[in-house]
Protein chains: 2
Amino acid sequence: MKLSAQEEYGLRCLLRLASAGEGQSLTIPEIGRAEALSIAYVAKLMRILRQGKFVKSVRGQTGGYTLARNPENIPIGEVLAALGGRLFEPGFCDQFSGLKRLCTHSVDCSIRSLWRAVQSAVDSVLGGITLRDLLQKESTMKMQLASRDRY
Amino acid sequence: MKLSAQEEYGLRCLLRLASAGEGQSLTIPEIGRAEALSIAYVAKLMRILRQGKFVKSVRGQTGGYTLARNPENIPIGEVLAALGGRLFEPGFCDQFSGLKRLCTHSVDCSIRSLWRAVQSAVDSVLGGITLRDLLQKESTMKMQLASRDRY
DNA sequence: ACCAATCTTGACTTTAAAGTACAGATTACT
DNA sequence: AGTAATCTGTACTTTAAAGTCAAGATTGGT
């Protein structure tokens, strides 16, 4: 259970854009310089973010990227799903069916419900957090998280 | 954020062994047949489980694997950490430092505390679950999970 | 002693993710 | 019009994970 590079770097790029300020736009080279990523790689990440409707792009000499919505309307859960998929998603059992066609996993599949429980814990953390929250300081965010009483 | 094949299949093999019953042993080919995995792959997985002290092996003609501890003393969180690492572990920032030596990630690194929050939510789900719980039926386990009131 | 069944280990091959390259399209500026 | 800066898309190369192979070591049965 690991975070993919795409999730980590993609989210960083988005946060960088958000921190540029309301309506401000950044170019791919600017983001790349700020995050120490290659231009080509940032381009790939921004494309995914654009397809997920998190950012808008403008072409041409004065082009660049801006947020497609206000930070408070960008749930981090959605961003991460676009960048790296979900832990437990439809087709999971087909993907891990071993050498057989169907998931032979017997034992009443307690494992599957374990994954669902984990996914749901992750969802309730991410579900309550938007890009706006990430823009605030670490301490502030921690307090917010601590105030949630259910997972 | 995905489950690795090693986590999924490794946990299945362990559960399979546990469901064989107290002190029962299974061979690699037996596990492979039951889980529809190749013998070589099961061998690789069992090795990891052995190194994590979750199972014990006996060599020779009547050899095989048994649980190294009682199911209630095998926390699923530990098993998954052995099979696939943790979401957020030491060295994380070195791993994702882009093209520079040090993690340039500024913005006060709100992202890092996000990962910590997610990791902690996952931990509290997994922390309360042992192999014994997985051996019980899905419905029973769900109830247990639902009764937890904090993540 | 020998054989057959097992686990053990490291190296290898295959496959998917990470990251790059390049040719094309769009726009502003002169 | 021409040029330079940008985004876009596909194809490519590199790297890490998934999965296999083969030779060796251990043990019980004959």
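Chain naming here is simple, since letters A, B, ... match the order of the sequence lines and numbering starts at 1 in each.
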Polar atoms only, N or O, under 3.5 Å: list the protein pairs with nucleotides 3-10 of chain C and their distances.
unit_1: C:dC7; atom_1: OP1; unit_2: B:Ile28; atom_2: N; d: 3.0
unit_1: C:dC7; atom_1: OP2; unit_2: B:Ile28; atom_2: N; d: 3.4
unit_1: C:dC7; atom_1: O3'; unit_2: B:Ser57; atom_2: OG; d: 3.3
unit_1: C:dT8; atom_1: OP1; unit_2: B:Arg50; atom_2: NE; d: 3.4
unit_1: C:dT8; atom_1: OP1; unit_2: B:Ser57; atom_2: OG; d: 2.7
unit_1: C:dT8; atom_1: OP2; unit_2: B:Arg50; atom_2: NE; d: 3.1
unit_1: C:dT8; atom_1: OP2; unit_2: B:Tyr65; atom_2: OH; d: 2.7
unit_1: C:dT8; atom_1: O4'; unit_2: B:Arg59; atom_2: NH2; d: 2.9
unit_1: C:dT9; atom_1: OP2; unit_2: B:Arg50; atom_2: NH2; d: 2.8
unit_1: C:dG10; atom_1: OP2; unit_2: B:Arg47; atom_2: NH2; d: 3.1

What residues form a salt bridge (Lys or Arg N to Asp or Glu O under 4.0 Å) with [X], not counting sequence neighbours?
X: B:Arg86; value: B:Asp123
X: A:Glu89; value: B:Lys2
X: B:Arg69; value: B:Glu78
X: A:Lys44; value: none

Measure [atom1]/[X] against [atom2]/[N] and give the value in whole Å, please.
X: B:Tyr9; N: D:dT20; atom1: OH; atom2: P; result: 10 Å
X: A:Leu83; N: C:dA17; atom1: CG; atom2: P; result: 14 Å
X: A:Glu7; N: C:dA18; atom1: CD; atom2: C1'; result: 13 Å
X: A:Gln6; N: C:dG19; atom1: CD; atom2: P; result: 9 Å
X: B:Leu45; N: D:dA17; atom1: CG; atom2: P; result: 15 Å
X: A:Leu99; N: D:dA18; atom1: CG; atom2: C1'; result: 13 Å
X: A:Met1; N: D:dA17; atom1: CE; atom2: P; result: 16 Å

Suppose we screen for side-chain contact (heavy atoms from CB on, under 4.5 Å). Which residues come up paired with A:Ser4, at least two apart in sequence or across chains?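 In terms of side-chain contact (heavy atoms from CB on, under 4.5 Å), with neighbours along the sequence ignored, A:Ser4 is linked to A:Gln6, A:Glu7.
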
Taking side-chain contact (heavy atoms from CB on, under 4.5 Å) as the definition, give me every residue that meets it alongside A:Ile39, ordered by chain and number, with sequence neighbours left out. A:Ile28, A:Pro29

Polar-atom pairs under 3.5 Å, protein N or O versus N or O of nucleotides 12-15 of chain D: list them with distances, or write none.
none

Against A:Leu14, only a single residue in A:Val55, A:Ile76, A:Leu134 fulfils side chain to side chain contact (heavy atoms under 4.5 Å, CB included); can you say which?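 Going through A:Val55, A:Ile76, A:Leu134 one by one, the side chain to side chain contact (heavy atoms under 4.5 Å, CB included) with A:Leu14 is satisfied by A:Val55 alone.
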
Report which part of the nucleic acid B:Ala40 touches: base, sugar-phosphate, or nothing (heavy-atom distance under 4.0 Å, all strands). base

Could you name each residue pair satisfying ring pair (Phe, Tyr, Trp, His ring centres under 6.0 Å) that touches residues 47-79 of chain B, not counting sequence neighbours?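 Every pair satisfying ring pair (Phe, Tyr, Trp, His ring centres under 6.0 Å) with a residue in residues 47-79 of chain B: there are none.
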
B:Ser38 vs D:dG19: side-chain N/O to OP1/OP2 distance below 4.0 Å: no

